[in-house]
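Every value quoted in this text rests on a predicted model; they were computed, and no experiment measured them.
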Amino acid sequence: AAGINEFYMLPIGDKLFEFDSIAVNLMVQNKTGEVSSCDNHYSNDLDSFNEEYLRNTAEVAATCIDRDLSEDCMVIGTSTIIDTELDGAIGMNSGIFNNPFIMWGRYKKKLFRYYLPISFQFHHVQMDGAHAGRFLANLQTEINRLK
């Protein structure tokens with residue numbers, strides 16, 4: 001996403017805002033068993049990103065206080081539902097949450113390969129299908145590098 005300019009833009013009402021940086025949002029199970037929201041700055045340095053991720057998610061889980069960077073960064077939403085296999089999720093841009101959003105569930109195994117179906121939602125004012133396709137191709141390239 002960091003290499004695609006459209007991910008830095010957010011439609012709000014009749015305006016399109018552009019941010020200088022992006023962040024990744026995730027939901028964290030907190031100490032009460034509920035979920036809290038945790039935004040983490042994107043970093044091209046995976047070790048640095050991982051350090052911030054671990055520090056921030058531990059703090060949010062312990063304090064039950066959301067960590068919100070939406071004033072400073074374009075936040076890309078993520079959600080993992082590990083209790084189920086997910087073939088897709090449908091949401092709609094409500095005018096409040098117009099950020100791009102990616103969701104996945106449990107991976108599937110077919111024959112000798114593993115599959116992780118994902119659902120990706122974006123606001124059409126922000127980007128076209130070609131931009132979304134490029135993001136998904138980039139994501140697949142990164143996953144392939146893990147092999």
Could you check if a side-chain atom of N99 sits within less than 4.5 angstrom of a side-chain atom of M74, using non-hydrogen atoms only? yes
Could you check whether any side-chain N or O of D66 sits under 3.5 Å from a backbone N or O of D68, counting only pairs where one atom can act as donor and the other as acceptor? no
Distance check, rounded to the nearest 0.5 Å: C73 atom SG versus L10 atom CG? 12.0 Å
Should we count CG of N44 as having more than 12 external heavy atoms under 6.0 Å? no
Side chain to side chain donor-acceptor pair (under 3.5 Å) contacts in which one or both residues fall within residues 4-22, not counting sequence neighbours: E6-H131
Would a single hydrophobic cluster contain both F19 and I4, if residues Ile, Leu, Val, Met, Phe, Trp and Tyr are joined by side-chain heavy-atom contacts under 4.5 Å? yes
Shortest non-hydrogen contact from Y42 toward A2: CE2-CB, 3.5 Å
Once rounded to the nearest 0.5 Å, what's the spacing between atom OG1 of T78 and atom CZ of F101? 6.5 Å
Same hydrophobic cluster for Y53 and I65, using side-chain heavy-atom links shorter than 4.5 Å among ILVMFWY? no
Checking F120 now: which residues fulfil ring-ring contact (aromatic ring centres under 6.0 Å, His included) with it, not counting sequence neighbours? F122, F135
Hey, what else clusters with V125 if you join Ile, Leu, Val, Met, Phe, Trp, Tyr whenever side-chain heavy atoms sit under 4.5 Å? M9, L16
Taking L116 as the starting point, is it possible to reach L139 by hopping between hydrophobic residues whose side chains are less than 4.5 Å apart? yes
Please set out all donor-acceptor pairs under 3.5 angstrom arising from side-chain atoms of residues 26-41, sequence neighbours excluded.
from, atom 1, to, atom 2, distance (Å)
N30, OD1, T32, N, 3.0
N30, OD1, T32, OG1, 2.6
N30, OD1, G33, N, 3.4
N30, OD1, E34, N, 3.2
N30, ND2, S36, OG, 2.9
K31, NZ, A62, O, 3.3
S37, OG, N25, ND2, 2.7
D39, OD1, N25, ND2, 2.7
D39, OD2, L69, N, 2.8
N40, OD1, N56, ND2, 3.0
H41, ND1, E52, OE2, 3.2

Kindly state each residue pair satisfying salt bridge (charged side-chain N to carboxylate O under 4.0 Å, His left out) with at least one member in residues 117-142, sequence neighbours excluded. E142-R145
Going hydrophobic residue to hydrophobic residue with side-chain gaps under 4.5 angstrom, can you get from I118 over to I76? yes
Donor-acceptor pairs under 3.5 Å, side chain of residues 102-115 to any protein atom, not counting sequence neighbours: which ones?
from, atom 1, to, atom 2, distance (Å)
W104, NE1, T80, OG1, 3.2
K108, NZ, D87, OD1, 2.4

